[in-house]
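First the structure, in the form of structure tokens, and then the observations on it.
Note that the coordinates shown come from a computational prediction; the quantities given were computed from them, not determined experimentally.
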Amino acid sequence: MTVIEHLPPVATTGGHRPLRRLLRLRPEVDVTAQGADVELAHPWGRQRVHALGERTVAALAELTRTDADLDELALDQVRLLKLLERFPYLVTTTVTDPLGDPLATAVPIARAAALPGFARPTGQLVLSRFAYLRRLPDGHGESCVLESPMAPFRLVLHRAAAGAFVAALSASRTAEDAALLAGMSAAEGEALAGLLAGGGFLDAGQGAEAPLWDFHDLLFHSRSRPGRHDYPTGGVFAHQDVPQLPAVSGPGAREESEGIDLPVPDWDTVVARDPALSEVLEGRRSVRSYAETPVTLDQLAELLYRVARVRRVIPGDPADPHGYDGVERPYPAGGATGELEIYLSVVKCVGLEPGVYRYDAAAHRLRPRPFQHPGEETAFSELVTAAWRATACTVDPQVLLTVTSRFGRLSWKYSQIAYALTLKHVGVLYQTLYLVATAMGLAPCGLGSGDTDAAARALGLDWTAESSVGEFLIGSRPADVPRTAHGFADVVDAARAGEGLGETF
């Protein structure tokens, strides 16, 4: 929808004084005038516009400092309005009262955004199930924002009544009824409903709203990758005022002893014994049954060393404000953050007492974490039971590896992508565990879920600082389950022939 054609009649407050609709360039936009030409620099790149005219260029530059009334632009600056339509993702739209007191501002957050327009929705309205309201960080006054992964806008609500109007639309209502509940005038309700509709915050109905997505998954997907938001993303070092967490986790308060030094595997022995990589890749599978004799401490020691030890710590430059110590491990990690830790919940292991241990990846040592009260031992049982359930109750765990993330190692450097990045690291750790365990003749099984709260209690962790992000079972492999494959298995011929693939799996 454009803002030039089909403009609705100006809304009024109390039937008399009109609401105003103001446009302004985003604060990040830099306008460089060169006679009748202009260059626009902004977070999404640069554009150069030729032969715009000095009057229009001057008016455009003014939009970096002050608001312009939409109705006045439509009458006197049609050329400027057409230019704003070409770059709508650079323009904010605010509805104010006649004195300029803002009600709400639509801020484009994606290049897919168009000027929201001011069509007045009629009939019953209801908020999108993906929309959410949150307060802004300190320093933004009383404003809060309405966002949605489905919307290419962020709607800044400048008054509490605007938030109440949004809340009223959690049930199907007319704009007039929602305004009455929020203590707003009907005209204010109509104008706000227009912004909600134009910004993509209302449910279009008829299953149009991503029916196969859960709210949290779609939000996580849209916010952890560029393209659907305008928040700083990647290595922006937003928390330099907070000391970076150490590269290697030190002893915890519950670790009363030096721990158990684990044997270091011999390189030549491992290389001589391991199958070929292709045999391991093709033989990799989840094994949900165990041999009668449990996994041994020596086997766990080799597995942990080959998969998760610290190869080296890479010192950061102390003179660099962005400098930090990196960690190199056998599996890749973005920024060499090394934030993942492994805890062992041992039920059956030859040479190791049942209980909870942390793997000290730098010293290649198991650090016992004795239970300090009955609740922690209960949580240990809950962890093991959750792992049993995650295998469809098919196997009694021998050793459960709980993978945790020290989130601060990531969020100190990375914004928006920190949690997505730690999950990527969990994925490569899983694959490394699978391949090494397969090569060693163990029974590996990655789990798709775990109990975050039980893990925090059993392991003695603050789940907001270090929390479980993955679970992996290790046990002794039954003799009747082959360790490796000796040929490729695929569905290539069947797929090329157009045959059904259902019987292949």
Do any N or O atoms from the side chain of Trp213 and from the backbone of Leu218 form a donor-acceptor pair under 3.5 angstrom?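 Looks like no, no N/O pair under 3.5 Å.
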
Donor-acceptor check, side chain of Arg79 to backbone of Thr56, threshold 3.5 angstrom: yes or no?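 Between the backbone of Thr56 and the side chain of Arg79 there is no qualifying donor-acceptor contact (under 3.5 Å).
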
Would you kindly say whether [X] and [Y] are connected by a side-chain donor-acceptor distance under 3.5 Å?
| X | Y | answer |
| --- | --- | --- |
| Thr404 | Glu341 | no |
| Tyr343 | Glu466 | yes |
| His239 | Ser411 | no |
| Gln124 | Ser172 | yes |

Please list, chain by chain and in numerical order, all residues satisfying side chain to side chain contact (heavy atoms under 4.5 Å, CB included) with Arg86, sequence neighbours excluded.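 Expected list: Val49, Leu83.
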
Ring centers of Tyr434, Phe472 separated by less than 6.0 Å: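 That pair passes the under 6.0 Å test.
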
Is the distance between the ring centroids of Phe380 and Phe371 under 6.0 Å?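 Ring-ring flag for Phe380/Phe371: true, centres closer than 6.0 Å.
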
For residues 448-459, which residue pairs qualify under side-chain hydrogen bond (donor to acceptor under 3.5 Å, both in side chains), counting only residues two or more places apart or in two chains?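 For residues 448-459: Glu382-Arg457, Asp453-Arg457.
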
May I have all residue pairs that pass ring pair (Phe, Tyr, Trp, His ring centres under 6.0 Å) and include part of residues 70-92, sequence neighbours excluded?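 Listed once each, the pairs are His42-Tyr89, Trp44-Tyr89.
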
Inspect the surroundings of CD in Glu54 and state if more than 12 heavy atoms from other residues, nucleotides or ligands are less than 6.0 Å away.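 Not buried by this count: 12 neighbours or fewer within 6.0 Å.
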
Residue Arg311 excluded, over 12 heavy atoms near CZ under 6.0 Å: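 Enclosed: over 12 neighbouring heavy atoms sit under 6.0 Å from CZ of Arg311.
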
Has Arg154 got its NZ or CZ under 6.0 Å from the middle of the six-membered ring of Tyr231, at an angle within 45 degrees of the ring axis?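 Verdict for Tyr231: a cation-pi partner in Arg154.
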
Taking only residues two or more places apart in sequence, or in another chain, which ones meet Tyr359 in a ring pair (Phe, Tyr, Trp, His ring centres under 6.0 Å)?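 Partners of Tyr359 by the ring pair (Phe, Tyr, Trp, His ring centres under 6.0 Å) criterion, ordered by chain and then number, come out as His364.
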
Asp462: which residues meet the side-chain hydrogen bond (donor to acceptor under 3.5 Å, both in side chains) condition with it, sequence neighbours left out?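 Per chain and number, Asp462 pairs via side-chain hydrogen bond (donor to acceptor under 3.5 Å, both in side chains) with Thr464.
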
Go through the structure and list residues passing side-chain hydrogen bond (donor to acceptor under 3.5 Å, both in side chains) with Tyr324, not counting sequence neighbours.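 Counting only residues at least two positions away or on another chain, Tyr324 forms a side-chain hydrogen bond (donor to acceptor under 3.5 Å, both in side chains) with Lys413.
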
Report the relative orientation of the aromatic rings in Phe237 and His322; use parallel for angles under 30°, tilted for 30 to 60°, perpendicular for over 60°.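 Parallel.
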
Of Thr93, Thr94, Asp71, the residue whose pairing with Arg21 passes side-chain hydrogen bond (donor to acceptor under 3.5 Å, both in side chains):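 So the option named by the test is Asp71.
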
Can you tell me how far apart CD (Glu339) and CG (Leu410) are? Round to the nearest 0.5 Å.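 It comes to 4.0 Å.
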
Distance, nearest 0.5 Å, that separates CG of Leu401 from OG of Ser468: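 One gets 13.0 Å once the value is rounded to the nearest 0.5 Å.
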
Please lay out, stage by stage, how Asp97 and Arg20 fare under the test salt bridge (charged side-chain N to carboxylate O under 4.0 Å, His left out). CA-CA 6 Å; Asp97 66 16; Arg20 300 179 66 198; over 6 Å; no

